[in-house]
Amino acid sequence: TDHIARVKEHYQKALKKGSDNLYNIPLRMKDGRLVFVDISNSLIEFQNQKFINCILHDVTEQHKIERERNAVFQISDIIAKSSDLDTILRKAMDIILKNLELEVAVIFLYNHRTNELTLSFLKGFSEAFIEKFARQTVTANTSRICAKTAFTKEMQYLQNPFEGSMGTYLHPDVDKDSLQTVVSIPLIAEGTLVGVLQVITNRNRRFSGENLMLLEALANQLAAGILRIQLEQGKHQDDQFLASILTDSVDAIVSMDAENLITSWNRGAEKIFHLNREQAVGKPFTILFQNPNLLDHEQIHRVLREQGFIKDYELENITQNGRKITLHISLTAIKDHNGKFVGSSAIIRDITEQREMQERIQESEKLSSVGQLAAGIAHEIGTPLNIISGNAEYLMMDLKPEDPKMEELSIIIQQTERIAKLIQQLMDFARDTLPSFELTDIHQLIDNTLTLTRHQIKKHAITLPTNLNG
């Protein structure tokens, strides 16, 4: 109606002005084809009568080229201006349907990890379609046109797809009898399958070869946009994942600039050094250590510039809360694209518990060695001690109780038992057994000690008076 009004308006202008032109006027031919014409109107006067000479120029091909170029540019512009995939799919779908004069279409996105097509955007379909075709596995023996398109990566066709009960998959506002053919196009960019686009042609509008070429051009542009967004999202996810690893690491991960000033600080560093980010960033790396002289920074920078790294460096440190810790440090040089040294990164691990565990293991190994030695001593000394003790007891049998030798032999027996007991205690200590406690007569202990040492005391002319009743 609008175009008819325009033709009449410009006809009147030609009568008044003598000429007028119209461009890209659509005309529906008897065979159903839609053509576009430019109309040139010029006024002719003959025998006092006015005539309009109307010349129609068929510009259908030029219009198709211009339409295709504009449609592709529109999708390209949407992709350039938006990073939201849902927005791109929605607007691209509107452009495709408008330019091809269609009303039913669907876009599936392909997931390489799961080998599935996921329904992402559609027009003209019902909830039943969404429930039935929301996810489709791509296999060689599939009967579904969408999955077959993805598997073969080739365009597929299906005539009269919504006959009978299949009409339930259409939206109630869509006339299923007007639909003719499913055209299923793989969305491929840079050799990578990113999805499938399906449109349903209309019996009332001829879907020509030119329409198919336009559909392919728009599908290719859409595929390129989908791939770009997916790559950006994947990179963003990778960046987030890496940032999470660096931020949440239990080890301190610190970066410094060329002047050795701290530029980044993670949670592991906060836990080890008891400094928050505000207290650390911008400060010299040396503030982390109680004795900065332990780190020869000139030597470290020289090695970093030459080798590119320093690993397995250990030192003792005192934290801000006074705790003594052992640190394991590895440093890596950071260079720009020209190979110039611009800073370094450090991975610092608190190995205090590890070192303490190693010391306990070493102590345990020492005790084990002592136990083995004690066992050997007990075996080698036990027999001679038994002989000495046995002979002393045998000699005591032939002596009278008042014989002075009885006391000497008793001391020999006591001392052999004492040595045997000491060896047993040494073996018990090596086995890491719990100590035993018992009441002891301190007077008796002193008497026994003096008896054992009386010969040494007498030899050195020592007088040792005792009063144990005080």
Side-chain angles (χ1 to χ4, degrees), residues 290-291 294 312 314-319 321-328 349-470:
Q290 186 188 44
N291 185 1
L294 291 175
D312 302 332
E314 294 185 9
L315 57 82
E316 301 290 332
N317 193 41
I318 305 295
T319 64
N321 62 355
R323 176 170 167 258
K324 184 178 180 180
I325 59 175
T326 304
L327 300 177
H328 177 280
R349 178 172 297 173
D350 182 354
I351 58 171
T352 306
E353 292 183 2
Q354 180 182 338
R355 282 288 174 265
E356 291 174 351
M357 179 63 71
Q358 289 175 348
E359 290 175 359
R360 287 195 291 270
I361 291 173
Q362 291 173 357
E363 187 66 23
S364 177
E365 290 174 348
K366 289 179 181 178
L367 292 176
S368 177
S369 299
V370 171
Q372 293 175 5
L373 178 61
I377 292 173
H379 177 72
E380 295 295 332
I381 297 179
T383 300
L385 286 177
N386 290 333
I387 292 173
I388 293 171
S389 177
N391 287 335
E393 290 176 354
Y394 178 75
L395 292 172
M396 289 176 68
M397 292 172 61
D398 295 333
L399 298 176
K400 294 179 180 181
E402 64 274 11
D403 193 322
K405 295 179 181 178
M406 287 289 288
E407 186 179 1
E408 299 293 339
L409 292 172
S410 296
I411 292 173
I412 291 173
I413 294 171
Q414 290 174 6
Q415 292 308 304
T416 55
E417 291 177 349
R418 178 172 172 269
I419 293 172
K421 187 176 180 180
L422 287 172
I423 293 174
Q424 185 60 48
Q425 289 175 345
L426 186 61
M427 293 177 67
D428 291 341
F429 176 74
R431 293 193 190 101
D432 199 22
T433 56
L434 294 175
S436 62
F437 301 91
E438 60 182 13
L439 291 174
T440 302
D441 185 347
I442 187 66
H443 291 177
Q444 184 64 44
L445 181 61
I446 294 172
D447 276 339
N448 291 341
T449 303
L450 291 174
T451 300
L452 290 172
T453 59
R454 72 177 183 274
H455 290 296
Q456 289 87 342
I457 292 173
K458 184 178 179 181
K459 179 180 178 181
H460 292 85
I462 298 173
T463 301
L464 187 61
T466 59
N467 181 11
L468 300 179
N469 296 320

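- The number of heavy atoms from other shown groups lying within 6.0 Å of CD (Glu353) does not exceed 12.
- Counting heavy-atom neighbours within 6.0 Å of Met406 CE, excluding the residue itself, gives a total above 12.
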- request: Dump the intermediate steps for side chain to side chain contact (heavy atoms under 4.5 Å, CB included) on Ile442 and Leu445, then the final yes or no.
  value: CA-CA 5 Å; Ile442 187 66; Leu445 181 61; 4.1 Å; yes
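- By the side-chain hydrogen bond (donor to acceptor under 3.5 Å, both in side chains) test, Arg355 is found to be paired with Glu314, Gln358, residues two or more places apart in sequence or in another chain being considered.
- Taking CD of Glu408 as the reference point, atom CG of Asp403 lies at 10.5 Å (rounded to 0.5 Å).
- Partners of Asp312 by side-chain contact (heavy atoms from CB on, under 4.5 Å), not counting sequence neighbours, listed by chain and number: His328.
- Residues meeting the side-chain contact (heavy atoms from CB on, under 4.5 Å) test with Glu359, sequence neighbours left out: none.
- What you find for Leu327 and Asp350 is that their closest heavy atoms are CD2-CA, 4.2 Å.
- Within 6.0 Å of atom CD in Glu438, 12 or fewer heavy atoms from other residues, nucleotides or ligands are found, so the atom counts as exposed in its surroundings.
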- prompt: Given the rule in the side chain to side chain contact (heavy atoms under 4.5 Å, CB included) test, do Lys405 and Leu395 qualify, once you have shown the distances and angles that lead to the verdict?
  reply: CA-CA 9 Å; Lys405 295 179 181 178; Leu395 292 172; over 6 Å; no
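- The structure places CD1 of Ile412 at 9.5 Å from CG of Asn391, a figure rounded to the nearest 0.5 Å.
- The distance from the CZ atom of Arg323 to the CG atom of Asn317 is 10.5 Å, given to the nearest 0.5 Å.
- Ile388 CD1 to Gln415 CD: the interatomic distance, rounded to the nearest 0.5 Å, is 11.5 Å.
- Rounding to the nearest 0.5 Å gives a distance of 12.0 Å between CD of Gln414 and NZ of Lys421.
- With sequence neighbours excluded, the residues that form a side-chain contact (heavy atoms from CB on, under 4.5 Å) with Glu393 are Ser389, Ile413.
- Residues passing the side-chain contact (heavy atoms from CB on, under 4.5 Å) test with Lys324, sequence neighbours excluded: Glu316, Ile318.
- For the salt bridge (Lys or Arg N to Asp or Glu O under 4.0 Å) test, no residue two or more places apart in sequence or in another chain qualifies with Glu356.
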